[in-house]
Amino acid sequence: MTEASGIIRVSESAGRRIAELKEMEGKAGLMLRITVSGGGCAGFQYGFSLDENRNAEDVVFEDQGVGVVVDETSLGLLSGSELDFVEDLMGAYFTLKNPNATSTCGCGSSFSV
């Protein structure tokens with residue numbers, strides 16, 4: 001497991017939401033896991049889940065008082081991104097502002113490089 005700081009930033013809104021989810025689950029060790037997989041309407045898609053496990057190939061970030069975990073393969077596509085939590089007419093969801101993406105789809109959960 002690699003510890004890192006500042007490679008993926010967490011907005012205040014995302015930090016607040018992760019902390020709320022941890023409290024609702026009653027597990028202080030939970031982190032938000034971000035994954036990238038092939039698929040979606042633009043080639044790659046983001047995945048978000050709560051996880052308390054850390055694998056050998058994971059990179060862990062601490063920002064806004066919460067933990068974010070990303071596997072090394074996904075990190076190559078996410079480096080420099082900002083995680084945000086948005087509440088709008090479409091609903092409430094995590095999103096990434098990814099400087100590595102050359103295009104994104106309308107839903108915001110899919111991108112290409």
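Hydrogens, waters and symmetry mates are skipped; everything else that's a heavy atom, side chains included, is used.
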**Request:** Check for a donor-acceptor pair, side chain of Asn100 on one end and backbone N or O of Ser79 on the other, with a separation under 3.5 Å.
**Result:** yes
**Prompt:** Between atom CE of Met31 and atom CG of Asp58, what is the distance when rounded to the nearest 0.5 Å?
**Reply:** 7.5 Å
**Request:** Over all heavy atoms of both residues, which pair between Val10 and Asp63 is shortest? Give the atoms and the distance, please.
**Result:** N-OD2, 2.8 Å
**Asked** Rounded to the nearest 0.5 Å, what separation is found between the CD atom of Glu52 and the CD atom of Glu25?
**Response** 9.5 Å
**Message:** If you count heavy atoms of other groups shown closer than 6.0 angstrom to CD of Glu23, is the number above 12?
**Reply:** no
**Request:** Enter the distance from Ile34:CD1 to Ser49:OG here, rounded to the nearest 0.5 Å.
**Result:** 9.5 Å
**Asked** Looking at Phe48 and Phe94, what are the two nearest heavy atoms and their distance?
**Response** CE1-O, 3.7 Å
**Request:** Kindly compute the distance separating CG (Leu32) from CG (Leu21), expressed to the nearest 0.5 Å.
**Result:** 8.0 Å
**Asked** Is the backbone of Ser74 close enough, under 3.5 Å, to the side chain of Asp71 for a donor and an acceptor to pair up by distance?
**Response** yes
**Asked** Tyr46 and side-chain contact (heavy atoms from CB on, under 4.5 Å): which partner among Thr95, Leu77, Thr35, Asn98?
**Response** Asn98
**Asked** Would a distance-only check, ignoring hydrogens and angles, find a side-chain to backbone donor-acceptor pair under 3.5 Å from Asp84 to Ser11?
**Response** no
**Message:** So which atom in Ala92 and which in Glu87 form the shortest heavy-atom distance, rounded to 0.1 Å?
**Reply:** CB-CG, 3.8 Å
**Request:** To the nearest 0.5 Å, tell me how far Arg9 CZ sits from Leu96 CG.
**Result:** 10.5 Å
**Message:** Set out, in order, the CA-CA distance, both residues' side-chain angles and the distance that settles side-chain contact (heavy atoms from CB on, under 4.5 Å) for Ile8 and Leu75, then state yes or no.
**Reply:** CA-CA 9 Å; Ile8 294 180; Leu75 184 60; 4.1 Å; yes
**Fill in**
In short, Arg33 meets Asn53 closest at the heavy-atom pair NH2-O, 3.1 Å
**Message:** If you compare all heavy atoms of Leu30 against all heavy atoms of Lys22, which two are closest, and at what distance to 0.1 Å?
**Reply:** O-CD, 3.2 Å
**Prompt:** Would you find a donor on one side and an acceptor on the other, under 3.5 Å apart, between the side chain of Arg16 and the backbone of Phe85?
**Reply:** no
**Request:** Search all heavy atoms of Val59 against all heavy atoms of Glu72 and return the closest pair with its distance.
**Result:** CG2-CG, 3.9 Å
